[in-house]
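Heads up: the structure comes next, in structure tokens.
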Amino acid sequence: MRLLSRWQNSAGERVRIALRLKGLDYIYVPVNSLAPGEYLRLNPQGLLPALEVDGQIIAQSSAILDYIESMFPAPSLLPSEPVTRAQARAFGALIASEMHPLTIQRVRRVLQSQMNVDEAGVARWVQHWLSLGFAALETTLAQRTRQWPFCFGERPGWAELHLIPQLGAARRLQCDLSAYPLLLQVEQLCTPIEAFRLARPEAQPDFPAEGRS
């Protein structure tokens, strides 16, 4: 398997975490290492990441994660109990479908270049959608019938591989996360785990040299 992505791409980070939680070998291919136009030829959607399997391309992180979970069911990224399993999927879907798409760079650029929204207005847009989403996620954890150490179990999985990259992206966008202690507790548990640590932007080979300490 080849994962085509770049270091600063939270959707790609989700997939890197999933692959490592599964213990799967993959080749990481930075898109900037490809010839001009090559990535768009491989993935007409043009969005990151994409997974190449036996010469075929799977686009969209949600589809990639579904493929990984279906093809390599153990260890599962999802809880075994059906309701909790659905709750974990819903937790990830809020991030992937409602938070991330509204705050990514290409949306911010359109707001500025085509809608004439100034920098402060773009910041308010980002803060609004991220705060709305994180508040819902925090409340979701607070209302669980059982307070697991991780979001929906005794070990990290589907919910965490969505949450941790989104928290990192929110920090880059200068979002105050202090109002979400339950989310931050989960992040603290995930941070030292190898699958999360090695999936971080700064651990990727295309991370800018000037950003390394």
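Nothing here was measured: the structure is a model prediction, and the numbers come from that model. In what follows, residues are counted from 1 in the order of the sequence shown.
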Consider only side-chain heavy atoms of I, L, V, M, F, W and Y, link residues closer than 4.5 Å, and tell whether [X] and [Y] are in one cluster.
| X | Y | result |
| --- | --- | --- |
| I57 | Y28 | no |
| L182 | W148 | yes |
| L177 | L102 | yes |
| L173 | L184 | yes |
| Y39 | L51 | no |

Output the distance between atom [atom1] ([X]) and atom [atom2] ([Y]), rounded to the nearest 0.5 Å.
| X | Y | atom1 | atom2 | answer |
| --- | --- | --- | --- | --- |
| L65 | S61 | CG | OG | 5.5 Å |
| L137 | C151 | CG | SG | 8.0 Å |
| L189 | F196 | CG | CZ | 10.0 Å |
| L94 | Q166 | CG | CD | 9.0 Å |
| I58 | D66 | CD1 | CG | 9.0 Å |
| L132 | E98 | CG | CD | 9.5 Å |

How are the rings of W158 and H162 set relative to one another: parallel (under 30°), tilted (30 to 60°) or perpendicular (over 60°)? tilted
Could you check whether the rings of Y180 and F134 sit parallel, tilted or perpendicular, using 30° and 60° as the cut-offs? tilted
Would a 4.5 Å heavy-atom cut-off, applied to side chains only, mark [X] and [Y] as touching?
| X | Y | answer |
| --- | --- | --- |
| R14 | I64 | no |
| N9 | R6 | yes |
| Y67 | V53 | yes |
| R85 | S76 | yes |
| L163 | E187 | no |

Closest heavy-atom pair and its distance - [X], [Y]:
| X | Y | result |
| --- | --- | --- |
| L3 | P49 | CD1-CB, 3.9 Å |
| V107 | P101 | CG2-O, 3.2 Å |
| L161 | A18 | CD2-CB, 3.9 Å |
| E160 | F152 | OE2-N, 4.2 Å |
| N116 | S113 | OD1-O, 4.4 Å |
| Q204 | L198 | NE2-O, 3.0 Å |

Residue pair E119 / Q112, side-chain donor-acceptor N/O under 3.5 Å: no
Decide whether R171 and Q174 meet the rule of one side-chain donor and one side-chain acceptor closer than 3.5 Å. no
Ion pair present between [X] and [Y], side-chain N to carboxylate O less than 4.0 angstrom?
| X | Y | value |
| --- | --- | --- |
| E69 | K22 | yes |
| R200 | E13 | yes |
| R146 | E154 | yes |

Counting only heavy atoms from other residues, nucleotides and ligands, does the tally under 6.0 Å from [atom1] of [X] exceed 12?
| X | atom1 | value |
| --- | --- | --- |
| Q188 | CD | no |
| D25 | CG | no |
| R172 | CZ | yes |

